[in-house]
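In this chain, residues are counted from 1 in sequence order.
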Amino acid sequence: MSGADHLPLRVRETEMISPLLKRFVFEAADGGELPPAGAGAHLRLTLEGEGRRWKNAYSIVSAPADRSHLSIIVRRVSPSRGGSAFLHEAVHPGAVVAAHEPGNLFPMSHIARKHLMVSGGIGLTPFLSYLEAIEATGADFELRHFCRDEEIPIFERILSGFDAGRITIHPASAPFDLSQALASQPLGTHLYTCGPEALMGLVLAAARDHGWPASKLHSESFGGAHAGGLPFTAILKKSGLKVAVRDDQTLLEAIEEAGLEPDCLCRGGACGVCLTSVLEGEPDHRDHFLEGAESASNRSIMICVSRAKTQNIVLDL
C-alpha cells in the first residue's frame, strides 16, 4: 500500500488504563461508517509532530462487527522512537489523524475447532478483537497471558467481561508447564501467539516439538525488531538519492523522510510488501518474512525493520 493516507479519523475519547497504557477510540471524521476490520486487524496511523512524522501500526481491540468506531491500546515505550510518546502526550479527544484502512496479517482461522492464544504484555491487544469475535460466535477458546507481576491487576481489568473460566493470567515470575498446555489440546486446535520475540519463539518451538503442523501455528510480531543500531547510508539507485539513516529511525522512515513513499503495509517485517532488492552492501535482517537461503543470499531486505551491517547499502529504489 502506498500513497497518502485516506481515512481521516477523529479521536472520540481516550482512557488512561495505566501510567503506560492508553486507549484511543476513533470515529470517522465525516461521521460515517468505518471500513470493516476483522479479528486480528491493525490500524496504521500517520502522526504529525513538530518537524517529525511517524507511521505506526496498532492492533485494533474493538469488536469487528461494530463499525461505529475503532479502538487501539498504546503502550508508551521507553526508550521510544517517539510515536507512542506523541500519542500519549499530544493526541487528545477531538484531534483528527490520518490512517489507512484496516489491514489484517493475523486473521483468526474460521476452520479451527478451538483457538489457543498465548500472549505476553501488550501482545494481548490483537486477541481482544479475537475475544469479541469468539463471544459473538460461541467458538471454543483458551487464552494464556503472561505479564509482569505488578501488571496483573491491569490486564485483569482489560480482560474483565470475557469468559474468565477460559482465561489465565500468568505472572512472569512463576513457572508454567507450556508442554502440558500444548499437549492437552483437542485435534483441530489452532495456536496463536503475540508478544515479545523470546516468548513467541519459545511457544512456536515447543509447538513444533509436539508435532503441531505449520498450518495451525500463527504469530504476529508487534515491533520488537525495530530496535535501532549504528547509522548508515542507503543509496537509492533508481532515485539517485543518498539517504542517511539515523541510529534511532528505521530505513523506511529515513526513505520516507527523503520524500519517497515505498510500498509498505505492516511496518513490522511480516507482510513482505516492502521487500526491496539489495544491489550492494550487507543487510542486517530483522524481519519475520525472509527465510533460509533467501535471507542468507542478502539480495533482498525488508526496509521497514532491517538495517545495514555495512556503512553503505545500495537499494533498487
Side-chain angles (χ1 to χ4, degrees), residues 20-21 39-40 42 57-59 61 73 75 77 105-109 112-131 134 140-152 154-156 158-159 166-227 266 268-272 284-292 294-296 302 304-306:
L20 295 179
L21 296 178
H42 66 268
Y58 301 95
S59 295
V61 303
I73 296 176
R75 178 188 285 275
V77 179
L105 301 169
F106 195 44
M108 187 169 60
S109 170
R113 180 178 173 186
K114 179 181 177 181
H115 306 282
L116 172 61
M117 295 163 275
V118 182
S119 57
I122 196 62
L124 173 69
T125 51
F127 297 137
L128 295 176
S129 63
Y130 275 42
L131 293 174
I134 287 170
D140 191 12
F141 79 93
E142 180 180 339
L143 171 65
R144 304 276 188 162
H145 181 65
F146 295 83
C147 64
R148 295 194 293 266
D149 297 40
E150 65 271 19
E151 291 190 321
I152 289 177
I154 297 169
F155 287 106
E156 286 177 340
I158 291 174
L159 289 164
R166 303 185 190 186
I167 297 173
T168 306
I169 299 178
H170 300 273
S173 62
F176 171 66
D177 189 350
L178 178 60
S179 294
Q180 176 59 33
L182 292 171
S184 62
Q185 301 302 321
L187 292 175
T189 300
H190 280 239
L191 171 65
Y192 313 82
T193 183
C194 183
E197 301 295 325
L199 172 67
M200 293 196 301
L202 179 67
V203 170
L204 294 173
R208 295 185 189 103
D209 289 344
H210 280 79
W212 286 60
S215 61
K216 295 181 179 179
L217 302 180
H218 315 274
S219 63
E220 181 175 65
S221 169
F222 59 82
H226 284 184
C266 73
C271 69
D284 177 8
H285 297 295
R286 303 185 181 189
D287 63 272
H288 305 275
F289 184 81
L290 297 173
E291 296 182 353
E294 191 176 16
S295 178
M302 302 290 291
C304 63
V305 293
S306 297

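- Proximity of Phe146 to Ile169: side-chain heavy atoms (C-beta onward) are nowhere separated by under 4.5 Å.
- Among all heavy-atom pairs drawn from Leu178 and Leu202, the shortest one is CD2-O, 4.0 Å.
- Side-chain contact between Ile73 and Leu128 is present, with heavy atoms from C-beta onward closer than 4.5 Å.
- In this structure, Phe106 CZ and Ser219 OG are separated by 6.5 Å, a value rounded to the nearest 0.5 Å.
- His145 is not listed as a side-chain neighbour of His170, based on a closest heavy-atom distance of 4.5 Å or more.
- With sequence neighbours left out, Arg148 forms a salt bridge (Lys or Arg N to Asp or Glu O under 4.0 Å) with Glu150, Glu151.
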Hey, mind stepping through Leu217 and Val203 against side-chain contact (heavy atoms from CB on, under 4.5 Å) and telling me if it holds? CA-CA 10 Å; Leu217 302 180; Val203 170; over 6 Å; no

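- In plain terms, the two heavy atoms of Cys304 and Gly269 that are nearest each other are SG-N, 3.2 Å.
- Taking the side chain as every heavy atom from C-beta outward, Gln185 and Lys114 approach each other to under 4.5 Å.
- Looking at residues two or more places apart in sequence or on another chain, you find a side-chain contact (heavy atoms from CB on, under 4.5 Å) between Ser59 and Thr125, Pro126, Glu220.
- Considering every non-hydrogen atom in both Gly40 and Ser129, the closest pair reads N-OG, 2.9 Å.
- For the residue pair Gly268 and Val305, the shortest heavy atom distance occurs at C-CG1, 3.6 Å.
- Looking at heavy atoms from C-beta onward, Asp140 lies in side-chain contact with Arg166 at the 4.5 angstrom threshold.
- Within the 4.5 Å cutoff, the side chain of Leu20 has no heavy atoms near those of the Val77 side chain.
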Apply the test side chain to side chain donor-acceptor pair (under 3.5 Å) to residues Asp284 and Ser306: give CA-CA distance (whole Å), side-chain angles for both, the deciding distance (0.1 Å), then the verdict. CA-CA 6 Å; Asp284 177 8; Ser306 297; over 6 Å; no

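- With Ser184 contributing its side chain and Gln180 its backbone, the two residues share a donor-acceptor pair below 3.5 Å.
- To the nearest 0.5 Å, atom CD of residue Glu156 and atom SG of residue Cys147 are 8.5 Å apart.
- For the residue pair Leu159 and Leu143, the shortest heavy atom distance occurs at CD2-CD2, 3.9 Å.
- With values rounded to the nearest 0.5 angstrom, Tyr130 atom OH is found 12.0 Å from Leu124 atom CG.
- The shortest non-hydrogen separation linking Pro171 to Ile152 is CB-CD1, 3.7 Å.
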Could you pull out all donor-acceptor pairs under 3.5 Å where a side-chain atom in residues 189-196 meets a protein atom, sequence neighbours excluded?
| unit_1 | atom_1 | unit_2 | atom_2 | d |
| --- | --- | --- | --- | --- |
| Thr189 | OG1 | Pro186 | O | 2.7 |
| His190 | ND1 | His218 | NE2 | 2.8 |
| Tyr192 | OH | Ser109 | N | 3.1 |
| Tyr192 | OH | His115 | ND1 | 2.9 |
| Thr193 | OG1 | Val118 | O | 3.0 |

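- The side chain to side chain contact (heavy atoms under 4.5 Å, CB included) with Ile167 is formed by just one residue from the set Phe155, Phe127, Phe141; it is Phe141.
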